[in-house]
Structures are given as C-alpha cells and as structure tokens.
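All figures in this text were calculated on a predicted structure; none of them were measured in a lab.
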Amino acid sequence: MLLLVLFLVGLAVGVTTVLFGFGGGFVTVPIILLVDAATGPDALRIATATSALVMVVNAAVATSATPRRVLVHLRGRCRLFVLLAVGGAAGAAGALFVPAVVPRWGFVAYIGVTIVDLLLRPGFFRKPGMVGRSGRASRPIPDGWGIPIGGIASFLGVGGSVMTVPMMRRSGMQMGVATSLANPLTVAIAVPATVVAVVFGGDVASASGLVGTVDVASASALLAGAIPVIVVLRRRPPRIPQAVHSVAYVGLLVVAAVAVAVAG
C-alpha cells in the first residue's frame, strides 16, 4: 500500500518537474520525511538524499525531451554547471553531519524568504518578452552564483529551481522557458549530491533498504509514477497563462514549506 501511495505521489512529482522545474525536492522531501519517520533524526537526511536521486532521473528525462531552441539559453555555460556541481557536493556533505533540525528549519525558512521575495520584489510576475533582440536573456544566472546555489539546494534539499527559476524569470525569460531550463541545472546539482549520499551516507545512517542515505524502494516507486508523466507532458506540454503559472509556482512553495514544518 505504501509503495502505491508513493507511486501516486510520483505522478504529482512528474507534473511539477515539467511545469515548475521541480525535479522532486519540494514534493519528495515532505513525503519521505513521513515514510521514514521511524528513523528519527536521520529521516531528513534520508529524505534529502532520496530526493536528490529522484531529481537526477526526473530532471534528466525532462531535459532530454526539452527542445534545443530552449536549451540554447545554456550554451557556453560550462563554468556555471561545474560550479553548481561543486556546490551540490559540498552542500550534500555538510547535510550529513549537522543536526537534522538545521536543514529542516532551514528548508522552511529559505522557502519562506523566497515567497516573500517573489511577492514583494518586482520582476517575477512581470509580463514575458523582456529578452534582448537575440531572443536570449542576458546571462540570467552569473557563474559566480553556481556554488551558493548548488550548496544551498543540496544542503536543504530544496532543489535548484527555487533559486534558478526566479533569477531567470527576472532576467526576462518566459515562465515556461525558465522552468524548463531549471531541469538541466538541477541535474548538475543533484548528481554529485546523490554520489555523496550513496558513498558517505552509510557512515551516518543505517536502516533496511538504504543505500547510503538513499531509500531505494521509495525512490523507485516515485520514479515509476513520475517518468511516464514527464514523457507525456513533454511531448504535449500544456499551455498555461503566464500569470497562472507564476502564481501556481508560489503556491507550491507555500505547500512545501508547510508540509516540512509539520512533518514528523
């Protein structure tokens, strides 16, 4: 029954991956917190590590189906990808050895600050079409932000999209483009984070079904639900008004913050 519930949650994860660039972090962290609550303080470490694996696969599948005309916005950004990966590894390593209360309430606090920022600071809800003549935004994410974005994302388990989507949106990108580009950026963060959790997590937490701190059974059930949805929606992406898309993004952040605050 539990795996069936996770499969159904995976369907929702697939939708958020395509529509919002959330490869799994916002949805899977609260769910895995509940599933592995019996592990006590290790539950959040397991949740963030499992979420990282789910994000790797989901974001990679979504990226593979993203049109080249969208991915061209990231051409020549190798340095950004490298720095995101460095930050992802560092953040994941740090999360293994701090009290669980730190990343848990850091997750809630960071999303709370992000929500306030999106609502009060101009730019996120602006009308589309603010790019230059080439059709491309002017370097919406500076390379130097790679390490802090990757580090915060993997340490808190929030996924990179919580930072990258608002930054790209404020650079003038349409919401659909920004959320699509969040997926390859998420892959850069989540791959090293997953490797760290698998290789070093076993020294921190141990329970049946874990590989390092990754709950393999839960991740598999989530992915079984998510991947078909991602494939279908990428082939036939829904058309959502910019205003609705932006408001829904913020609404999902609110739900995720509340879920983590009350879980466990």
Side-chain angles (χ1 to χ4, degrees), residues 14-26 55-88 114 117-118 121-154 158-192 230-231 233-246 248-250 252-253:
V15 173
T16 63
T17 299
V18 173
L19 297 186
F20 304 105
F22 299 156
F26 290 102
M55 285 190 287
V56 168
V57 179
N58 284 345
V61 171
T63 299
S64 68
T66 300
R68 291 186 178 181
R69 67 178 183 277
V70 175
L71 294 176
V72 72
H73 290 280
L74 294 177
R75 182 179 295 171
R77 305 305 308 275
C78 292
R79 180 182 158 104
L80 173 63
F81 278 93
V82 170
L83 293 177
L84 286 170
V86 171
T114 299
D117 176 70
L118 296 181
R121 192 157 64 96
F124 183 75
F125 292 101
R126 69 173 52 171
K127 295 180 180 180
M130 300 293 289
V131 296
R133 293 181 180 178
S134 66
R136 300 177 61 181
S138 56
R139 299 186 75 81
I141 304 176
D143 293 342
W145 280 93
I147 289 179
I149 288 174
I152 293 171
S154 59
V158 296
S161 60
V162 70
M163 286 165 275
T164 59
V165 169
M167 292 178 76
M168 289 187 285
R169 181 70 173 141
R170 286 194 169 104
S171 76
M173 285 185 179
Q174 294 186 0
M175 191 67 181
V177 174
T179 53
S180 294
L181 294 180
N183 284 306
L185 298 175
T186 293
V187 172
I189 298 169
V191 167
I230 294 172
V231 172
L233 291 182
R234 271 288 181 242
R235 288 178 177 174
R236 297 183 177 181
R239 295 183 178 180
I240 304 174
Q242 293 289 317
V244 174
H245 205 167
S246 299
Y249 181 96
V250 175
L252 189 58
L253 294 184

Between atom [atom1] of [X] and atom [atom2] of [Y], what is the distance when rounded to the nearest 0.5 Å?
X	Y	atom1	atom2	value
I189	L83	CD1	CG	11.0 Å
M167	W145	CE	CH2	5.5 Å
L185	L80	CG	CG	6.0 Å
M175	M168	CE	CE	9.5 Å
D143	L84	CG	CG	9.0 Å
R121	R170	CZ	CZ	3.5 Å

If I compare all heavy atoms of [X] with all of [Y], which pair ends up nearest, and what's the gap?
X	Y	result
Y249	S161	OH-O, 2.8 Å
L71	T63	CD1-O, 4.0 Å
S154	G87	OG-O, 3.6 Å
P142	R77	C-NH2, 4.0 Å
P192	A85	CG-O, 3.3 Å
F124	V250	CE2-CG2, 4.0 Å

Test side-chain contact (heavy atoms from CB on, under 4.5 Å) on V61 and T17 and set out the steps. CA-CA 10 Å; V61 171; T17 299; over 6 Å; no

Please check this pair: side chain of S246 against backbone of A243, looking for a donor-acceptor N/O pair closer than 3.5 Å.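 It does not hold such a pair.
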
Please check if the side chain of R79 supplies one atom and the backbone of G144 the other of a donor-acceptor pair under 3.5 Å.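 No, R79 side chain to G144 backbone: no donor-acceptor pair under 3.5 Å.
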
Could you tell me which residues satisfy ring-ring contact (aromatic ring centres under 6.0 Å, His included) with F81, sequence neighbours excluded, listed by chain and number?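 In terms of ring-ring contact (aromatic ring centres under 6.0 Å, His included), with neighbours along the sequence ignored, F81 is linked to no residue.
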
Under the rule for side chain to side chain contact (heavy atoms under 4.5 Å, CB included), what residues qualify as partners of V70, not counting sequence neighbours?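 For V70, the residues satisfying side chain to side chain contact (heavy atoms under 4.5 Å, CB included) (neighbours in sequence not counted) are T66, P67, V177, S180, L181.
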
With sequence neighbours excluded, tell me which residues meet side chain to side chain contact (heavy atoms under 4.5 Å, CB included) with L19.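 If we apply the side chain to side chain contact (heavy atoms under 4.5 Å, CB included) test to L19, skipping adjacent residues, the hits are V15, P238, I240, H245.
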
I'd like to know whether R169 forms a side-chain contact (heavy atoms from CB on, under 4.5 Å) with T179, so could you lay out the CA-CA distance, the side-chain angles of the two residues, the decisive distance to 0.1 Å, and finally the verdict. CA-CA 9 Å; R169 181 70 173 141; T179 53; over 6 Å; no

